[in-house]
Amino acid sequence: AKRGLDKLVASRDNLPAAPTFDPKDMLEEIDQAISHDALEWHWQPKVDLRDGRVLGFEALVRWRHPRSGNIPADQLIRTVEQSPLLETFTNQCLDTVLSQFARIQHKVDGAAIAINVSARMLERPTFVDSVVELIECHRIAPERVTLELTETALITNPSQAKRVIERLHEHKIPLSIDDFGAGFTSFGYLREFAISEIKIDRSFISRFTESRFDQSLVNSLVVLCESLGIPLVAEGVETPETQELLVSLGCNAGQGYGICKPMPYDDVLDWMDTWRN
Ligand code: C2E
Ligand code: CA
Ligand code: CA
Ligand code: CA
């Protein structure tokens, strides 16, 4: 019964399919949502799969549309990425999440905060400066703010990506490669870029216990990451079986509904208390 309930909560968080919008109308509404502070970020814990220690949280955008209900994050992000709103959206995301994190950073046992960044932001000349400024302004140690970028960002314009990543590195801001293995993975950039974490794409984890292929893949990534000294994180950990198998293959960090669903910011400290006890 507990499982069933969890499923229900999961699907509620995962949001019912939203009607398709005319992209132009949608942009206007997103613009409104940004200026009315109507976007929220839910937090999903990332834990050590062996002992449950909380390593960090990932902030995931949530938009409850006044008439259409919850709009899936992917859909929102796809629209924003192709529009002039991207910069405003990103700044709002950083400002909201960092100010929230600043308020509880001393109560979360050294856990970090991870923020998703669109590849296209790397093209903005002011991107690094504004991230650095916001982190300073909220008095957060830069080591505790991870930026999650997908591989596409690194592949479309490698020389530009390299410059941005070097600057982030100079400022001690960790960079995580999101959805690793989902796209056109090129191992070259693991050598080129200063990368602090790799997140294996959920598609390799979801049928993991049944798939010898996915297990071998995770196994080789564990070996690769260990020799490069890059922490590996599994996303989409939904069951205890998956969690156990990951640990037995040497993948020690993970996120997923089986551990905790993304939750409103206001619930984070209560969750920490129950999780620790
Ligand atoms: P992502 O960065 O790969 O985030 C992980 C997605 O998987 C999230 O979906 C999360 O809710 C979901 N998830 C977590 N655990 C599980 C699990 O065990 N099973 C399953 N089936 N799903 C799980 P969400 O929140 O809908 O976000 C979708 C994508 O939208 C994110 O993928 C990210 O690429 C993007 N996104 C979300 N928030 C932001 C943001 O603030 N800024 C940017 N640029 N992109 C964002
Ligand atoms: Ca992510
Ligand atoms: Ca991901
Ligand atoms: Ca994804």
Side-chain angles (χ1 to χ4, degrees), residues 33-48 52-63 73 77 80 85-122 124-149 153 161 163-178 193-197 199 230-231 233 253 255 260 262-276:
I34 293 175
S35 48
H36 293 102
D37 240 341
L39 299 179
E40 270 184 58
W41 277 265
H42 282 198
W43 291 34
Q44 186 179 39
K46 171 175 88 185
V47 306
D48 187 315
R53 189 165 59 93
V54 180
L55 305 170
F57 296 90
E58 176 178 4
L60 295 154
V61 71
R62 295 292 178 261
W63 179 27
I77 297 301
V80 169
L85 281 181
L86 179 62
E87 197 149 3
T88 328
F89 170 83
T90 307
N91 287 334
Q92 173 136 108
C93 167
L94 287 163
D95 195 34
T96 306
V97 177
L98 291 177
S99 69
Q100 291 176 335
F101 184 71
R103 270 180 268 145
I104 60 168
Q105 60 177 332
H106 304 294
K107 299 177 186 161
V108 290
D109 301 344
I113 186 75
I115 295 174
N116 292 286
V117 173
S118 292
R120 311 236 13 208
M121 281 309 290
L122 301 192
R124 310 292 161 112
T126 54
F127 173 64
V128 179
D129 291 335
S130 56
V131 173
V132 169
E133 200 180 301
L134 277 167
I135 291 176
E136 272 174 9
C137 147
H138 289 296
R139 302 181 186 284
I140 300 169
E143 294 88 342
R144 290 179 77 182
V145 183
T146 301
L147 300 184
E148 296 195 3
L149 267 179
R163 274 197 303 279
V164 173
I165 290 167
E166 275 167 1
R167 292 198 52 218
L168 291 172
H169 188 63
E170 281 162 21
H171 288 283
K172 302 194 168 69
I173 299 168
L175 177 74
S176 168
I177 302 301
D178 207 349
F193 301 144
I195 289 166
S196 310
E197 177 187 89
K199 294 180 92 168
I230 303 174
V233 179
Q255 269 176 262
C260 182
M263 64 190 133
Y265 167 73
D266 290 339
D267 294 349
V268 170
L269 288 181
D270 282 346
W271 176 83
M272 282 289 289
D273 282 342
T274 18
W275 185 252
R276 275 184 293 219

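Below, each value reflects all heavy atoms present in this structure, side chains not excepted, and no hydrogens, waters or symmetry copies.
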Would you compute the distance between atom [atom1] of [X] and atom [atom2] of [Y] and round it to the nearest 0.5 angstrom?
X      : Y      : atom1 : atom2 : answer
Ile173 : Ile140 : CD1   : CD1   : 10.5 Å
Asp178 : Glu197 : CG    : CD    : 8.5 Å
Lys172 : Ile135 : NZ    : CD1   : 12.0 Å
Leu168 : Ser196 : CG    : OG    : 9.5 Å
Asp270 : Trp275 : CG    : CH2   : 15.0 Å
Ile177 : Leu147 : CD1   : CG    : 10.5 Å

Within 6.0 Å of [atom1] in [X], more than 12 heavy atoms from elsewhere:
X      : atom1 : result
Glu143 : CD    : yes
His169 : NE2   : no
Arg276 : CZ    : yes

So does [Y] get a backbone contact from the side chain of [X], meaning a donor-acceptor N/O pair under 3.5 Å?
X      : Y      : answer
Thr274 : Trp271 : yes
Arg144 : Ile113 : no
Gln105 : Arg139 : yes

Will you find, in the side chains of Ser130 and Glu87, an N or O donor that is under 3.5 Å from an N or O acceptor?
no

If I compare all heavy atoms of [X] with all of [Y], which pair ends up nearest, and what's the gap?
X      : Y      : result
Cys93  : Ile115 : SG-CG2, 3.7 Å
Leu60  : Pro262 : CD1-CG, 3.8 Å
Arg167 : Asp129 : NH2-OD1, 2.8 Å
Trp63  : Ala38  : CD1-O, 4.4 Å
Ile34  : Gln92  : O-OE1, 3.1 Å
Pro142 : His171 : CB-O, 3.3 Å

Output, in order, the C-alpha distance, side-chain angles, deciding distance and verdict of side chain to side chain contact (heavy atoms under 4.5 Å, CB included) for Asp95 and His138.
CA-CA 9 Å; Asp95 195 34; His138 289 296; 2.9 Å; yes

Determine whether Ile77 and Asn116 make a side-chain contact, defined as any pair of heavy atoms from C-beta on separated by less than 4.5 Å.
no

Mind checking whether Val54 and Val108 have side chains closer than 4.5 Å, heavy atoms only?
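Contact flag for Val54/Val108 side chains = no.
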
Taking the six-membered ring for Trp, are Tyr265 and Trp43 parallel (under 30°), tilted (30 to 60°) or perpendicular (over 60°)?
tilted

Using the side chain to side chain contact (heavy atoms under 4.5 Å, CB included) definition, which of the options Gln44, Met272, Gln100 pairs with Phe57?
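Exactly one pass, corresponding to Met272.
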
